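Notes follow the structure.
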Amino acid sequence: MLAALSSCRSTGPATSPLSTGADKDRPLVITTFTVLADMARNVAGDHLRVESITKQGAEIHGYEPTPGDLRRVEGAALVLENGLNLERWSDRFLAGMPEMKRATLTAGITPLPITEDAYRGKPNPHAWMSPRLAEIYVENIRQAFSQLDPANAEDYRRRAEAYRGKLRALDQELRSELATIPASKRVLTSCEGAFTYLAKDYGLDEAYLWPVNSESQVTPQRMARLIATVRQRQVPAVFCESTVSDKVQRQVAEQTGARFGGVFYVDSLSSPQGEAPTLLQLQRHNVRTLIQGLKGGS
């Protein structure tokens, strides 16, 4: 596949001129998925054009880049990626462009480990699901933009600080809302183990069908383990993420008497008209859905 993609490479420059004005003249920043693009746009303002390689609703763990993706990236001044083994495809994807500027947005974060199965001991990549850790993402974005475009560094600083303030307010909002869940019901049951950081921040227990979506085939052992947990803890509702099938999780609900409580957004934003068009709205939607499910709300 890489050979085929390489044959589609353009001969144009890898960066755009650092100027404002017409959209085509703004430097292009590429992110690996839509959540990072939203964070980056909050810092970029009108100085940079930010686009995501993956589209809304895409499953990012096992994404397969296209020749069109390669052409877009070659026109970029900077690539922003999550790291922590999330986008293993991007290393292969960018191997032919060693000169491309890249920034890893989890730099400085101590990752929480995956605790079971083939991924035991490897980092859980979903650190953006903690509003506190999302502030580190924003600071890494600010630094990358300031290095790329020093003339606008002060504006990037102001915009980053304003967005970090929104994340701090979100943290307090989520903490207050989740504190209303009774201790006996504080179990977040999802398809993917993508809520480890959020669960740690707010004192929730986490249960799931698979550790990461790149190894998402459900084994009888995993399903039996989750069913036992739901029964033992008398979990009233189970959930699944928007980028994967909820079929097996609905079977868990049927076999345990729990309800299927709804859909979470993690790896991808929704459409602008949807329930989670930004990271802030994604977090609020997820927590509202969780609380309604665990408290028995409609």
Side-chain angles (χ1 to χ4, degrees), residues 1-107 125 128 134 136-153 155-157 159-160 163 267-269 272 278-279:
M1 181 187 73
L2 288 175
L5 292 178
S6 297
S7 68
C8 297
R9 296 182 63 173
S10 66
T11 57
T15 61
S16 302
L18 290 177
S19 61
T20 58
D23 186 73
K24 63 182 178 60
D25 293 327
R26 290 185 296 166
L28 173 62
V29 175
I30 291 288
T31 70
T32 49
F33 60 105
T34 57
V35 175
L36 301 189
D38 176 55
M39 286 194 274
R41 289 184 186 117
N42 275 275
V43 180
D46 294 330
H47 304 300
L48 303 169
R49 180 163 49 105
V50 178
E51 297 180 3
S52 171
I53 292 177
T54 58
K55 303 294 189 293
Q56 295 153 349
E59 207 299 294
I60 62 174
H61 293 265
Y63 182 71
E64 296 184 4
T66 67
D69 292 332
L70 183 63
R71 287 191 293 270
R72 289 171 61 212
V73 170
E74 285 192 321
L78 174 69
V79 174
L80 302 178
E81 53 197 353
N82 185 79
L84 301 182
N85 295 331
L86 178 66
E87 319 98 322
R88 290 177 294 176
W89 51 268
S90 73
D91 288 332
R92 300 189 299 271
F93 182 51
L94 297 170
M97 293 177 278
E99 74 289 349
M100 176 63 66
K101 293 181 180 179
R102 300 166 65 179
T104 300
L105 301 187
T106 53
W128 69 89
I136 298 177
Y137 281 70
V138 173
E139 173 58 18
N140 286 329
I141 291 169
R142 183 200 67 78
Q143 291 182 18
F145 287 178
S146 297
Q147 292 172 8
L148 177 68
D149 181 18
N152 290 305
D155 196 37
Y156 297 138
R157 185 197 65 77
R159 296 184 65 86
Y163 188 51
D267 295 338
S268 174
L269 301 178
T278 70
L279 174 60

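These numbers come from a predicted model, not from an experiment.
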Trace of the side-chain contact (heavy atoms from CB on, under 4.5 Å) decision for Leu148 with Tyr156: CA-CA 11 Å; Leu148 177 68; Tyr156 297 138; over 6 Å; no

Non-hydrogen atoms of Ala40 and Phe145 that approach each other most closely: O-CE1, 3.5 Å

Validation row: Arg92, Pro65 side chains within 4.5 angstrom (heavy atoms): no

Stepwise side-chain contact (heavy atoms from CB on, under 4.5 Å) check, Val35 with Asp267: CA-CA 7 Å; Val35 175; Asp267 295 338; over 6 Å; no

Arg159 and Asp46: CA distance, side-chain angles, deciding distance, salt bridge (Lys or Arg N to Asp or Glu O under 4.0 Å) verdict: CA-CA 11 Å; Arg159 296 184 65 86; Asp46 294 330; over 6 Å; no

Glu74 CD to Leu94 CG distance, which is reported to the nearest 0.5 Å: 10.0 Å

Asp69 and Tyr63: side chain donor to acceptor below 3.5 Å: yes

Minimum heavy-atom distance Ser52-Arg72, with the two atoms named: O-NH2, 2.9 Å

Full working for side-chain contact (heavy atoms from CB on, under 4.5 Å) between Glu81 and Thr31: CA-CA 6 Å; Glu81 53 197 353; Thr31 70; over 6 Å; no

Distance, nearest 0.5 Å, that separates CD of Gln56 from CG of Asp38: 10.5 Å

Ala103 versus Ala144, closest heavy-atom pair with distance: CB-CB, 3.9 Å

Nearest heavy atoms of Asn82 and Glu87, plus distance in Å: N-OE2, 2.5 Å

Interatomic distance, Leu36 atom CG to Arg41 atom CZ [nearest 0.5 angstrom]: 10.5 Å

Passing option when Leu80 is tested against Thr32, Val50, Ile30, Ile141 for side chain to side chain contact (heavy atoms under 4.5 Å, CB included): Ile141

Non-hydrogen side-chain atoms of Tyr137 and Thr106 separated by less than 4.5 Å: yes

Worked check of side-chain contact (heavy atoms from CB on, under 4.5 Å) between Arg26 and Leu48: CA-CA 5 Å; Arg26 290 185 296 166; Leu48 303 169; 5.8 Å; no

Smallest separation among heavy atoms of Arg49 and Glu51, with atom names: NH1-OE2, 3.1 Å

Distance-minimising heavy-atom pair for Met100 and Leu78: SD-N, 4.4 Å

Between Gln143 and Glu139, a side-chain donor and acceptor under 3.5 Å: yes

Flag, side chain of Thr34 to backbone of Leu269, donor-acceptor distance under 3.5 Å: yes

Distance-only donor-acceptor check, side chains His47 and Asp149, under 3.5 Å: no

